[in-house]
Structures are given as C-alpha cells and as structure tokens.
Q: 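Quick one: the structure is below, questions incoming.
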Amino acid sequence: MQDTVDMADDPDYEEEEPSFSDPEDYEDDVDDEEMLEDILREKPLEADGIDSVVVVDNVPQVGPERLEKLKNVIHKIFSKFGKITTEFYPDADGLTKGYIFLEYAAPTQALEAVKNADGYKLDKQHTFRVNLFTDFDKYMTISDEWETPEKQPFKDFGNMRHWIEDPDCRDHYSVIYESGERTAIFSNDAKEPIVAEERARWTETYVRWSPKGTYLATFHQRGIALWGGEKFKQIQRFSHQGVSLIDFSPCERYAVTFSPLMDTKEDPQAIIIWDILTGQKKRGFHCESSAHWPIFKWSHDGKFFARMTPDTLSIYETPSMGLLDKKSLKITGIKDFSWSPGDNIIAFWVPEDKDIPARVTLMQLPSRLEIRVRNLFNVVDCKLHWQRNGDYLCVKVDRTPKGTQGVVTNFEIFRMREKQVPVDVVEMKEGIIAFAWEPNGSKFAVLHGEPPRISVSFYDVKNNGKIALMKMYDKQQANSIFWSPQGQFLVLAGLRSMNGALTFVDTSDCTMMNIAEHYMASDVEWDPTGRYVVTSVSWWSHKVDNAYWLWTFQGRLLQKNNKDRFCQLLWRPRPTTLLGVEEIKVIKKDLKKYSKIFEQKDRLSQSKASKELVDKRRTMMEEYHSYRETTQQMYQEQKSARLELRGVDTDELDSNVDDWEEETIEFFINEEIIPIGDL
C-alpha cells in the first residue's frame with residue numbers, strides 16, 4: 001500500500017493508459033441492433049407521420065382569387081372527422097392541380113375521413129376520392145401478375161323471410177319476461193302460442209324489430225346485435241359502447257344508434273349511422289339529448305334523412321351521408337317537421353313572429369320546391385299527422401282566437417293527391433285527447449272532452465271537398481286510439497289510469513262490436529294482418545298482474561297468457577305486399593271463394609284438435625286402468641302380511657254391510673217452560 005502511494009506522489013511518474021483496441025485476431029460479431037437496441041428503438045421511421053395524411057382527389061382547380069374560398073369549404077367538410085394540422089394545395093400555372101393533402105392530428109381521424117368522405121359529392125362535376133397517403137406505397141407494390149383472390153366462405157343465414165311462408169299464415173311476435181332475463185319468439189296461433197325460439201339473457205334491455213321484420217335488434221353494453229333467419233343466427237353487430245336507442249331506415253339499409261357515453265368534440269360518436277349489410281360506420285354525429293328520439297327522420301324510400309336544430313333543418317342524402325346541396329335550410333323558429341310516408345315531401349311549421357303569421361310549409365325534395373304554404377293565426381301549438389299512405393296530412397292547430405277565452409282546436413286537412421293541395425278545416429272547442437288516421441282509408445277518429453265526459457267522433461274525408469261527421473259516441477272510457485293496420489276496425493282503450501277499458505269498433509257502420517276490460521292494461525298491439533290484437537300489462541309500468549291477452553279484431557278473447565314479470569310484446573312487421581292495387585281488388589272481389597277454403601281448413605283443424613283430445617283422454621284412461629290393476633294385485637299379495645300383523649281379516653269387515661241393523665238411541669237433555677204472558 002505504501003509503494004502505491006509513493007508512486008502517485010512521484011512527479012516524474014506517468015500512468016500508462018489502457019488500450020481499448022481489439023486484438024489483431026478479434027472478429028466483431030455484434031451488430032448495431034444488438035449493441036444500440038435502446039437507441040435504435042427511438043429512431044424515426046421514414047413512414048412516421050404520413051399515416052395521418054390523406055390525399056383528396058377530384059378537388060376543383062381554382063386560381064388564387066378563389067383559393068381561400070375553396071380552403072374554407074374543404075376545411076368545413078373535413079374538420080368534422082378530426083383536427084387538421086396541415087393543409088397543402090399543390091399548384092401549377094396559376095391553378096391548383098385538383099388534388100390536396102390534409103394531415104390530421106391522429107391516424108384514427110385520417111381513417112375516419114377516408115371512410116366517410118370518400119365518394120362525397122361536392123357538386124355535379126366533383127365527387128371526392130379520398131385515400132390514405134400510406135396506401136400509395138401499398139398500391140405501388142402490387143404485382144403486375146394476376147393472383148386469384150382467396151375465396152371467402154359463404155355465410156348462409158337461411159331464409160331471411162321464412163315466417164311469411166308459413167302455410168297457416170301465423171305471424172311472429174317477441175316477448176320479454178322475467179324482468180328481461182328471458183326473451184322468446186312465438187308463432188301466433190288462435191289456440192296457444194307456438195315457441196319458435198327462446199333464449200336466456202338474449203338482450204340486456206329490450207328488443208326492436210326492423211321495419212320489414214327482417215332483423216331483430218338486441219341491446220348490449222358494448223353495442224347492438226342483429227339476428228335473423230330460421231334459427232335467428234347473428235347477422236351483424238355494431239360496436240357502440242353504452243348504446244340505448246336504435247332506429248332503422250325504412251328500406252332496412254341503414255341503422256342509427258345512440259349512446260350517451262361516447263362523444264368527443266373531435267370524433268362525434270353519440271349518434272352513429274351504420275351500413276347494415278357491411279357493418280361499417282357511415283358517419284357519426286354529435287347529440288346533446290335524445291329526448292325527442294328519433295333525432296333523424298327518414299324519407300319513405302330511405303334516400304334522405306333530416307335533422308332539426310335551432311333555426312335550421314339539415315337534410316342529408318344517402319349513400320354519401322352528406323348534406324343535400326352541401327347546405328342546410330335556414331328556417332327561423334322551426335318547431336317541428338315530418339316526412340310524407342308516400343312521397344319525398346317534408347312538412348314543417350313555424351310559429352308566429354311579431355306581425356308574421358305562423359305557417360305550415362310543404363316542401364318537395366330534392367328540388368326544395370314549396371308546393372303549399374298555409375298561414376295560421378293566434379297559434380299556440382301544432383302537431384303534424386300523416387295518413388299512412390301520404391294521401392292526407394292533418395295539422396292539429398291549437399289556437400286562442402281574439403276576444404275568446406280558452407283554446408280552440410282546428411284540424412287542417414291537406415288533400416295531398418289533389419291539384420294545388422286544397423285544405424279543409426274541422427273546428428273543435430273541446431280539449432283533444434287523441435287523434436288517429438285510418439291507415440288505408442280516408443277516415444279519422446278523435447277523442448275529445450274532459451273526464452268523465454269523453455266523446456269519440458268519426459269523420460270521413462269525402463271526394464266532394466267536404467268532411468263528414470259519421471258518428472259520435474259520448475261517455476267513453478278511453479285515452480288512446482288504435483287502428484287496425486288494414487283499416488276499418490279500431491280499439492278505443494283506456495290505458496293505465498283508466499283501468500284498461502276496451503271498446504272494439506267497426507267504422508264501416510260505426511258499431512261497437514264489443515266492450516271489455518283488461519285491468520291496468522298498459523299497451524295495445526295489433527298484428528300486421530289486422531286479424532288479432534294484444535293487450536298487455538307490462539312489468540315496466542305495473543308490478544302485478546303481468547300478462548298479455550289475445551283478442552280477435554271483433555273483441556272476442558282467445559287467450560290469457562300469464563308470464564312472470566312480463567315486460568314487452570312486439571309483433572314482427574311484414575314487408576310490403578308485392579301485389580298491385582288491381583290484384584288486391586280482384587282478391588277482395590273473390591273473397592267468398594277463398595273464405596270457403598279457409599272455413600274448410602278451420603273445420604279440419606278443429607276436427608284434428610278434437611281427435612287429438614280424444615286420443616289424449618283414451619291414453620289417460622288406459623294408464624288409469626293399468627295402474628288400478630297393478631295396485632289391486634299388490635293389495636292381494638300383501639293380504640297375508642296384514643293378517644299376521646292385525647290378527648283379524650280386516651278385508652272382510654265391511655263385506656256384510658247388507659246384514660247390519662240400524663238402531664237409534666235418544667237421550668233426554670233438559671226441558672224449559674216459558675210462560676206465554678211474559679212474551
């Protein structure tokens with residue numbers, strides 16, 4: 001140790017530096033990736049950043065004077081999908097080149113822009129083609145040699161409309177019971193329902209049929225599942241966390257879902273429109289409240305859908321999901337709107353504003369031509385009611401005429417199939433409880449008055465320009481009107497607070513076919529054919545007496561189906577008939593000929609049921625005789641054991657009953673003497 005210290009203190013001492021050189025025969029077998037792994041991991045890649053870039057083609061070629069306007073339009077369209085950090089517009093010879101580059105803050109936003117903006121129609125000459133920048137490398141490396149694509153397995157979901165081919169024309173309906181734990185699909189039969197499918201925990205909340213009955217939608221925390229086919233296989237699923245509502249386009253091409261959980265400013269997720277066939281998300285929208293669901297209302301053919309916001313009516317077209325003509329309608333004060341069920345006509349109303357009267361407007365689309373405007377005065381509120389075929393529009397107008405007290409109701413009836421759309425008016429000075437059009441006719445029913453003096457009036461819109469009062473019944477226990485889907489017949493129902501009073505009416509002569517009651521009934525549902533109607537008490541609204549009852553359209557009770565904690569019954573819709581108007585007329589004309597065939601079939605069904613009942617009883621009797629003989633034989637075999645245990649033949653004790661003598665013994669108990677004078 002002392003030697004070491006002395007060497008360090010020596011001023012002439014020089015420490016020899018170690019050599020870091022490899023020996024001459026050393027072979028370096030360590031590569032950079034192994035030695036510098038942690039550093040190379042952070043090395044920027046050539047493709048970093050470009051996965052957030054999209055290329056938009058078919059952009060208008062403009063000069064410097066119009067460039068700023070083009071940038072504003074492009075930014076407005078593409079900023080819906082996320083935050084744009086960089087925009088680049090290549091130019092040459094004073095004009096833009098017709099394509100641009102947009103960089104988003106995140107790759108997911110760029111992908112969303114490609115999904116939703118590709119095919120966006122800017123105008124008649126320009127339809128955007130949108131691709132990821134990274135796709136160009138992928139397309140450049142495609143081989144020139146043809147490679148046969150891998151064959152995808154065919155998914156056979158079975159006959160998607162099998163229930164329509166039922167030889168006995170039995171319709172399906174869904175039932176949720178056990179407070180939502182079980183869901184079943186039944187085939188309706190006049191005797192008893194037939195189970196088509198039943199599953200536990202099929203849905204977490206409720207179910208919904210698509211408009212043509214092709215799909216059954218079930219709700220789950222992570223999204224929606226669609227089921228169909230003969231075995232109700234899963235057809236499609238949509239991932240939408242916390243989804244609570246669903247709506248379908250009338251053509252069943254698109255589904256609209258709502259979730260209160262998923263929504264951000266940069267990535268709208270509250271409302272999502274899905275392509276049912278592919279399962280792809282078409283577009284997302286912001287939504288603060290779902291109080292007035294559906295938020296989007298569809299045109300009858302599914303080509304357009306519209307949404308109302310303050311002072312604005314936005315109409316979108318499919319399949320681009322973009323605004324019609326790239327702009328919304330500015331309608332100051334718009335309160336409500338509704339599509340015609342038969343044409344691409346939209347009706348909306350605007351309240352009074354100072355000296356400007358309230359008005360109802362009918363607008364044809366996509367031309368935006370106003371085909372009728374109706375001015376209204378002293379308006380409190382309006383409700384729009386379309387007849388199912390779009391032949392008539394009723395605008396229920398609540399007014400407060402000057403110089404009078406109280407509210408007067410006018411029914412403004414628009415005749416949509418006549419030139420210049422004439423309007424007839426029916427005035428009522430009583431309060432209106434309910435209004436409903438006959439689905440396939442020209443009649444409508446109105447419940448009016450105050451409890452307990454509620455009346456129902458039936459009107460018919462005549463071809464001579466008049467509206468005739470057909471009949472009025474007073475003292476009705478009703479708060480709802482339910483027309484048969486085929487018209488003519490209806491049910492007046494006093495639901496919930498009115499204890500389930502039911503009146504079955506034939507409006508051809510306005511006769512009451514039957515008056516009945518389903519105590520505490522909460523819902524009434526007609527089957528699609530108009531032959532049967534169901535009344536039910538839902539566990540969601542009333543915790544006892546949960547059941548559904550099946551009636552004929554005439555009001556004859558067929559079944560009482562009690563289900564533990566029954567929640568919901570929904571009939572499966574039928575698609576529109578393929579028969580034309582003339583063909584239906586021929587069938588109605590020859591109805592007597594067809595009715596004989598059906599009556600014969602009914603008799604055969606009844607005789608078959610009787611035969612089944614007789615066979616069942618015969619089997620039960622045979623089982624009884626067999627059991628009796630077996631028991632008697634066992635009784636005889638046990639006789640010796642009984643004699644040994646009892647010492648007496650107890651089997652013979654009652655054998656000589658005819659030799660018995662009856663003896664009556666009387667006992668004197670007491671005697672009481674009551675003087676007559678004391679009475």
Q: When Asp336 is tested against each of Lys396, Lys297, Lys383 for salt bridge (Lys or Arg N to Asp or Glu O under 4.0 Å), which residue passes?
A: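 By the salt bridge (Lys or Arg N to Asp or Glu O under 4.0 Å) criterion, Asp336 pairs with just one of Lys396, Lys297, Lys383: Lys297.
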Q: Side chains of Trp298 and Phe304: closer than 4.5 Å at any heavy-atom pair?
A: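 Heavy-atom side-chain distance check fails, nothing below 4.5 Å.
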Q: With a 4.5 Å cut-off on side-chain heavy atoms, are Tyr215 and Ile224 touching?
A: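 Sidechains of Tyr215 and Ile224: no contact.
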Q: Measure across Ser320 and Gly119 and return the closest heavy-atom pair with its distance rounded to 0.1 Å.
A: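 In this case the closest contact between Ser320 and Gly119 is CB-O, 4.1 Å.
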Q: Counting only heavy atoms not in Arg66, do more than 12 fall under 6.0 Å of its CZ?
A: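 No, because the 6.0 Å sphere around CZ of Arg66 holds 12 heavy atoms or fewer from other groups.
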Q: Kindly indicate, with the supporting measurements, whether the criterion salt bridge (charged side-chain N to carboxylate O under 4.0 Å, His left out) is fulfilled by Asp171 and Arg572.
A: CA-CA 7 Å; Asp171 282 286; Arg572 187 175 193 174; over 6 Å; no
Q: Between Glu370 and Arg372, is there a donor-acceptor pair closer than 3.5 Å when you use the side chain of the first and the backbone of the second?
A: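 Checking the backbone N and O of Arg372 against the side chain of Glu370, no donor-acceptor pair under 3.5 Å is found.
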Q: Side chains of Ser442 and Asp391, heavy atoms from C-beta outward: is any pair under 4.5 Å?
A: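 With C-beta onward as the side chain, the pair stays apart.
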Q: Does any pair with a residue in residues 345-374 pass ring-ring contact (aromatic ring centres under 6.0 Å, His included), and if so which ones, sequence neighbours excluded?
A: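 Matches after skipping sequence neighbours: none remain.
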Q: Taking atom types as modelled, find out whether Asp398 and Thr409 have a side-chain donor-acceptor pair closer than 3.5 angstrom.
A: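 Short answer, yes.
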Q: Are side-chain N/O atoms of His220 and Thr218 paired as donor and acceptor at under 3.5 Å?
A: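 The criterion, which ignores hydrogens and geometry beyond distance, is satisfied for Thr218 and His220.
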Q: Which atom pair, heavy atoms only, marks the closest approach of Pro60 to Leu70?
A: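 Smallest interatomic distance, heavy atoms only, reads O-CD2, 3.7 Å.
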Q: Tell me, yes or no, whether the heavy-atom count around Asp123 atom CG, taken from other residues, nucleotides or ligands under 6.0 Å, exceeds 12.
A: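 More than 12 heavy atoms, drawn from other residues, nucleotides or ligands, come within 6.0 Å of this atom.
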Q: Treating Thr203 as the side-chain partner and Val207 as the backbone partner, does any N or O pair qualify as donor plus acceptor under 3.5 Å?
A: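 Here the side-chain-to-backbone pair does not exist.
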Q: Starting from the C-alpha separation in whole Å, work towards a yes-or-no answer on side-chain hydrogen bond (donor to acceptor under 3.5 Å, both in side chains) for Glu103 and Ser52.
A: CA-CA 6 Å; Glu103 183 179 0; Ser52 299; 5.6 Å; no
Q: Quick one: list whatever passes side-chain hydrogen bond (donor to acceptor under 3.5 Å, both in side chains) with Asp57, sequence neighbours left out.
A: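 Residues passing side-chain hydrogen bond (donor to acceptor under 3.5 Å, both in side chains) with Asp57: none at all.
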Q: Salt bridge check: are Asp343 and Arg417 linked by an N-O gap of less than 4.0 Å?
A: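 So Asp343 pairs with Arg417 through a salt bridge.
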Q: Is the shortest distance from a Lys or Arg side-chain nitrogen in Lys97 or Asp91 to a carboxylate oxygen in the other one below 4.0 Å?
A: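 Salt bridge between Lys97 and Asp91, a charged N being under 4.0 Å from a carboxylate O: no.
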Q: Should we count CD of Glu65 as having more than 12 external heavy atoms under 6.0 Å?
A: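 Atom CD in Glu65 is packed in, count exceeds 12.
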Q: By the side-chain hydrogen bond (donor to acceptor under 3.5 Å, both in side chains) test, which pairs, at least two apart or in different chains, include something from residues 352-363?
A: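 Applying side-chain hydrogen bond (donor to acceptor under 3.5 Å, both in side chains) to every pair that reaches into residues 352-363, excluding sequence neighbours, yields nothing.
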Q: If only atom types and distance count, is the side chain of Asp311 paired as donor or acceptor with the main-chain N or O of Gly333 below 3.5 Å?
A: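 Present.
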Q: Do Thr507 and Gln488 have a side chain donor and acceptor closer than 3.5 Å?
A: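 Result is no, nothing qualifies.
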Q: Using side-chain heavy atoms (C-beta onward) and a distance below 4.5 Å, is Val426 in contact with Asn410?
A: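 No, side chains not in contact.
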Q: Give me the atom names and distance for the closest heavy-atom approach of Leu226 to Ile276.
A: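 For Leu226 versus Ile276, the nearest heavy atoms are CD1-CG2, 3.9 Å.
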Q: Would you check, one step at a time, whether the test ring pair (Phe, Tyr, Trp, His ring centres under 6.0 Å) holds for Phe81 with Tyr104?
A: CA-CA 9 Å; Phe81 313 115; Tyr104 283 92; 7.3 Å; no
Q: Do you know which of Asn131, Val114, Ile100 makes side-chain contact (heavy atoms from CB on, under 4.5 Å) with Val56?
A: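 When Asn131, Val114, Ile100 are each tested with Val56, the side-chain contact (heavy atoms from CB on, under 4.5 Å) holds only for Ile100.
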Q: Is the shortest side-chain heavy-atom distance between Gln280 and Lys115 below 4.5 Å?
A: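 With C-beta onward as the side chain, the pair stays apart.
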Q: So, do Tyr254 and Leu277 sit near enough that their side-chain heavy atoms are less than 4.5 Å apart?
A: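 The answer is no; the side chains never approach within 4.5 Å.
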Q: Pair Glu252, Thr214 - check side-chain hydrogen bond (donor to acceptor under 3.5 Å, both in side chains), show working.
A: CA-CA 8 Å; Glu252 291 189 343; Thr214 308; 2.7 Å; yes
Q: Any carboxylate oxygen within less than 4.0 angstrom of a Lys/Arg side-chain nitrogen, looking at Glu87 and Lys71?
A: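 Result for this pair is no, no salt bridge flagged.
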Q: State whether the side chain of Gln387 and the backbone N or O of Leu393 hold a donor-acceptor pair below 3.5 Å, judged by distance alone.
A: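 Absent.
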Q: Minimum heavy-atom separation for Leu324 to Arg368, with atom names?
A: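 It is O-NH2, 2.6 Å.
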Q: Could you tell me whether Arg415 atom CZ has more than 12 heavy atoms of other residues or ligands within 6.0 Å of it?
A: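 Atom CZ in Arg415 is crowded, with more than 12 foreign heavy atoms closer than 6.0 Å.
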Q: Please check: side-chain N/O of Trp526 versus main-chain N/O of Phe482, any donor-acceptor pairing under 3.5 Å?
A: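 Present.
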Q: Angle class for the Phe296/Phe305 ring planes (parallel below 30°, perpendicular above 60°, tilted otherwise)?
A: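 Judged by the thresholds at 30° and 60°, the geometry between Phe296 and Phe305 is perpendicular.
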Q: Please assess Phe238 against Ile272 for the test side chain to side chain contact (heavy atoms under 4.5 Å, CB included), listing each intermediate value before the final yes or no.
A: CA-CA 10 Å; Phe238 310 117; Ile272 298 178; over 6 Å; no
Q: Might you point out which heavy atoms bring Arg283 and Tyr316 nearest each other, and give the distance in Å?
A: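 So the minimum-distance heavy-atom pair works out to NH1-CE2, 3.5 Å.
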Q: Can you tell me how far apart NZ (Lys588) and CD (Glu583) are? Round to the nearest 0.5 Å.
A: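 Reported to 0.5 Å precision, the distance equals 13.5 Å.
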Q: Within the 4.5 Å heavy-atom criterion, are Leu313 and Ser328 side-chain neighbours or not?
A: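 No, too far: nothing below the 4.5 Å cut-off.
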Q: Show every ring-ring contact (aromatic ring centres under 6.0 Å, His included) that has at least one partner inside residues 388-434, sequence neighbours left out.
A: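 Output for this query lists Tyr392-Trp437, Phe411-Phe435.
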Q: Quiz question: by atom type and distance under 3.5 Å, do the side chains of Ser340 and His300 form a donor-acceptor pair?
A: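 Distance-only check fails for Ser340 and His300.
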Q: Give the C-alpha distance, both sets of side-chain angles, the deciding distance and a yes or no for salt bridge (charged side-chain N to carboxylate O under 4.0 Å, His left out) between Glu317 and Lys303.
A: CA-CA 6 Å; Glu317 58 183 342; Lys303 290 183 178 180; over 6 Å; no
Q: Taking side chain as C-beta onward, heavy atoms only, is Ile345 less than 4.5 Å from Ile371?
A: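 A side-chain contact exists here, since the closest heavy-atom pair is under 4.5 Å.
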Q: Identify the two heavy atoms, one from Leu132 and one from Ala110, that lie closest to each other, and give their separation to 0.1 Å.
A: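 Nearest pair, atom of Leu132 first, then Ala110: CD2-CB, 3.8 Å.
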Q: Using the rule given for salt bridge (charged side-chain N to carboxylate O under 4.0 Å, His left out), can you reason through Asp460 versus Lys443, listing the C-alpha separation, both sets of side-chain angles and the distance that settles it, and then say yes or no?
A: CA-CA 4 Å; Asp460 190 9; Lys443 296 190 284 285; 5.8 Å; no
Q: Answer yes when Lys281 and Glu112 have at least one side-chain N-carboxylate O distance shorter than 4.0 Å, and no when they do not.
A: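 Looking at Lys281 and Glu112, the cut-off is met.
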Q: Just to verify, what does Arg208 make a side-chain hydrogen bond (donor to acceptor under 3.5 Å, both in side chains) with, not counting sequence neighbours?
A: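 Residues passing side-chain hydrogen bond (donor to acceptor under 3.5 Å, both in side chains) with Arg208: none at all.
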Q: Looking at Asn440 and Gly487, would you say the former's side chain and the latter's main chain have a donor-acceptor pair under 3.5 Å?
A: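 The answer is no, because no donor-acceptor pair under 3.5 Å joins these two groups.
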Q: Could you go through Lys466 and Asp424, starting from their C-alpha distance and side-chain angles, then the distance that decides it, and tell me whether this counts as salt bridge (charged side-chain N to carboxylate O under 4.0 Å, His left out)?
A: CA-CA 7 Å; Lys466 294 183 179 179; Asp424 300 310; over 6 Å; no
Q: May I ask you to check whether over 12 heavy atoms, not counting those of Lys462, lie within 6.0 Å of atom NZ?
A: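 No - once you tally the heavy atoms of other residues, nucleotides and ligands closer than 6.0 Å, there are 12 at most.
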Q: With sequence neighbours excluded, tell me which residues meet side-chain hydrogen bond (donor to acceptor under 3.5 Å, both in side chains) with Trp274.
A: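 Applying side-chain hydrogen bond (donor to acceptor under 3.5 Å, both in side chains) to Trp274 gives Thr257.
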